[in-house]
Amino acid sequence: FVVNPVAVVNEVKDKQFTNRLISNAFLDYGIIPDFNYKLSFGVEMNDTRRDFYRPQRLETLFWLRFGPDAVSVSSSTVNWLVENTLSYKKSFGDHNLNLLAGYSSQKEDIKVTNATGRGFPNDLVTTINAAQDTNSETRQEQWSLLSYLFRAQYNFNSKYYLSAAIRRDGSSRFGTDNKWGNFPSASVGWRISQEDFLVES
């Protein structure tokens, strides 16, 4: 028994198609001096389809008979994100302050359909509904995230830096009894290259 790999490559149909759209839009508006509001919105959509068919004339290749003769898988994903931020930026001599507050909302919907078929009477009609034995299943998933953010940044003379932030997230992926979480952070910095003893005269 010898398998012709060229026949397998040429006769078995296995194609995948993907359509993807990524879009973003934003509005940046100076409310009053030093205060700025920004609204951004983004959407990502993915549609993927895979069609597989094994012709009946390859029946002599007994090792190919395991599994379905035809498979059709389609998936659709839609993910959108909305962000709102209000920022304040001000300098007082050598003191520089930057504040940011905002919230964001994100949601993703996923739908996957998987259909298989076995026992086609011929190779003229290769769609799943032409098979003698068919099976299909559909799976749907959804998750969402809501976040609040506050960040403060300060530097003196562009040499000494302080930064602190806190983020509060509410997610459908968190446990039932604990849907919210707080995530603080802080940092300090020293731009030593700006010190007089390192600056070339």
Requested in this report: Measure across S72 and R49 and return the closest heavy-atom pair with its distance rounded to 0.1 Å.
Outcome: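 Of all heavy-atom pairs spanning S72 and R49, the closest is OG-NH2, 3.2 Å.
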
Query - Heavy-atom pair with the smallest gap, counting every atom of I128 and A115 - result: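 Heavy-atom minimum between the residues: CD1-O, 4.0 Å.
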
Report task. May I ask you to test the K111-T138 pair for a side-chain heavy-atom distance under 4.5 Å? Result ->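 In short, these two side chains touch, coming nearer than 4.5 Å.
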
Query raised in the report: Does F120 sit in a hydrophobic cluster with other residues, and if so which ones, taking ILVMFWY side chains as linked at heavy-atom separations under 4.5 Å, directly or through other members?
Result: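 Members other than F120 - counting any ILVMFWY side chain reachable under 4.5 Å - are Y53.
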
Query raised in the report: With a cutoff of under 4.5 Å between side-chain heavy atoms, which Ile, Leu, Val, Met, Phe, Trp and Tyr residues group with L145?
Result: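 Hydrophobic cluster check, L145: joined to W143.
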
Run the side chain to side chain contact (heavy atoms under 4.5 Å, CB included) test against [X] and tell me which residues pass, sequence neighbours left out.
X    : value
N122 : L124
L149 : L100, R167
S91  : N96
Y88  : D34, F35, K90, F92, L97, L99

Under the ring-ring contact (aromatic ring centres under 6.0 Å, His included) rule, collect the residues that match up with [X], sequence neighbours excluded.
X    : answer
F52  : none
F156 : H95
F183 : none
F150 : none

**Report entry** Qualifying residues under salt bridge (Lys or Arg N to Asp or Glu O under 4.0 Å), relative to R173, sequence neighbours excluded
**Finding:**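 In terms of salt bridge (Lys or Arg N to Asp or Glu O under 4.0 Å), with neighbours along the sequence ignored, R173 is linked to no residue.
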
Report task. Please list, chain by chain and in numerical order, all residues satisfying salt bridge (Lys or Arg N to Asp or Glu O under 4.0 Å) with K159, sequence neighbours excluded. Result ->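 Here the qualifying residues are E195.
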
Query raised in the report: Only one of N84, T85, D28 forms a side-chain hydrogen bond (donor to acceptor under 3.5 Å, both in side chains) with Y37, so which one is it?
Result: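 So the option named by the test is N84.
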
